[in-house]
Amino acid sequence: KAAVRSFLAKLGSWQDFMLRHGPGGLTKSERVGLVAELLTLETWLLGRCDGIDAVEAWLGPDDGAPDFVFGTRKLEVKGTTLRPARSFRASNLVQLDDSGLDDLFVCHVTMFEPSRSGRTLPDIVQDMKDSLSSDNPLAKDRFVEKLLLAGYLDAQADLYRDETYS
């Protein structure tokens, strides 16, 4: 029964992915948002808590959820490639709602592109997979599941190899 439930859950994830993203991959806005969340996860969270805890706190791929939640603390991540990056846009006010929270943090990530020294989205994903697999294999598996929810597939990595972020 457990194997069938797991299979049906995976099948549902794939169906949802295809309905939301299809074969064309992520839009520019989705890519920038995902890179911002991944850089925040990699730079600020993985070094400060256990890998599985950091990945489980990453709720950004779930539609409408905050980007990161740690108990009664919420972190919203906003990414931009604009120069100068003086402001950010919240897609709705719920993202900045602090009701019932002890803390609400907003992280504004500026990523300049193109850059010869930067990393591509597939580079960032692979670096994080490598880091997580050495930390905890379960963390890597959950990370891959969340990437799928975010609309990222390794099979589409070539779509994202021309953009670098630094």
Side-chain angles (χ1 to χ4, degrees), residues 17 20-70 73-96 103-166:
F17 173 85
R20 291 191 318 166
H21 302 287
L26 298 167
T27 66
K28 173 77 171 179
S29 175
E30 290 170 332
R31 290 190 306 270
V32 169
L34 179 58
V35 168
E37 289 177 19
L38 292 177
L39 291 176
T40 301
L41 180 61
E42 178 184 53
T43 305
W44 293 103
L45 302 176
L46 286 178
R48 291 173 171 77
C49 63
D50 186 57
I52 189 66
D53 293 336
V55 171
E56 290 297 342
W58 180 35
L59 302 181
D62 299 329
D63 250 355
D67 295 325
F68 295 92
V69 174
F70 292 92
R73 293 184 166 93
K74 179 168 97 171
L75 172 63
E76 280 296 328
V77 177
K78 299 295 168 196
T80 185
T81 57
L82 298 176
R83 291 183 198 201
R86 293 187 182 140
S87 63
F88 64 86
R89 184 176 304 267
S91 59
N92 61 58
L93 288 177
V94 173
Q95 292 182 319
L96 302 178
D103 296 297
L104 167 65
F105 300 97
V106 177
C107 179
H108 189 199
V109 180
T110 58
M111 301 161 286
F112 304 126
E113 60 172 329
S115 166
R116 297 179 200 274
S117 63
R119 294 185 294 168
T120 65
L121 175 55
D123 293 337
I124 295 166
V125 167
Q126 189 58 54
D127 289 348
M128 293 186 67
K129 284 180 185 178
D130 293 345
S131 174
L132 288 167
S133 64
S134 66
D135 180 39
N136 179 335
L138 177 60
K140 179 186 173 192
D141 291 344
R142 286 294 291 142
F143 178 68
V144 170
E145 289 173 17
K146 291 194 176 207
L147 285 172
L148 178 61
L149 284 174
Y152 181 87
L153 278 177
D154 285 332
Q156 294 178 330
D158 287 344
L159 296 173
Y160 314 121
R161 295 229 184 259
D162 291 337
E163 295 176 336
T164 57
Y165 302 91
S166 62

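Under 4.0 Å is where a charged nitrogen must lie from a carboxylate oxygen, and between R119 and E42 at least one such pair does. Salt bridge annotation for D141-K146: absent, with no cationic side-chain nitrogen under 4.0 angstrom from a carboxylate oxygen.
Note that the CG atom of L39 and the CG atom of L121 stand 9.5 Å from one another [nearest 0.5 Å]. In this structure, the separation between CD1 on I124 and NZ on K129 is 13.0 Å, given to the nearest 0.5 Å. Separating the CZ atom in R31 from the CG atom in L159 is a distance of 8.5 Å, to the nearest 0.5 Å. Distance check, rounded to the nearest 0.5 Å: CG of D103 to CZ of F70 gives 12.5 Å.
Using a 4.5 Å heavy-atom cutoff, the side chains of L38 and V35 are not in contact. In this structure the side chain of F105 never reaches within 4.5 angstrom of the side chain of F68, judged on heavy atoms. With contacts defined as side-chain heavy-atom distances shorter than 4.5 Å, the pair T164/D123 does not qualify. By the 4.5 Å heavy-atom criterion applied to side chains, W58 and T40 are not counted as neighbours. Considering only heavy atoms from C-beta on, S134 stays 4.5 Å or farther from K140 through its side chain. A heavy-atom distance below 4.5 Å is found between the side chains of T80 and H108.
Taking all atoms of both residues into account, the shortest heavy-atom contact from T27 to E30 is N-OE1, 2.8 Å. Annotation for A150 and L34: closest pair CB-CD1, 3.9 Å, computed over non-hydrogen atoms. Heavy atoms only, all atoms of each residue included: V77 and D67 are closest at N-OD2, 2.6 Å. In terms of heavy-atom proximity, Y152 sits nearest to P122 at OH-CA, 3.4 Å. Across all non-hydrogen atoms, the minimal contact from A54 to L46 is CB-CD2, 3.7 Å. Between K74 and P66, the shortest heavy-atom contact is CD-CB, 3.3 Å.
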Please report the C-alpha distance between V125 and D154 in whole Å, then the side-chain angles of each, then the deciding distance to 0.1 Å, and finally whether the side chain to side chain contact (heavy atoms under 4.5 Å, CB included) criterion is met.
CA-CA 9 Å; V125 167; D154 285 332; 4.2 Å; yes
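Between the side chain of S131 and the backbone N or O of D127, no donor-acceptor pair lies under 3.5 Å. Between the side chain of Y160 and the main chain of L26, a donor-acceptor pair closer than 3.5 Å is present. Judged by distance alone, the side chain of R142 and the main-chain N or O of L138 form no donor-acceptor pair under 3.5 Å.
Atom CZ of R73 has 12 or fewer heavy atoms from other residues, nucleotides or ligands within 6.0 Å.
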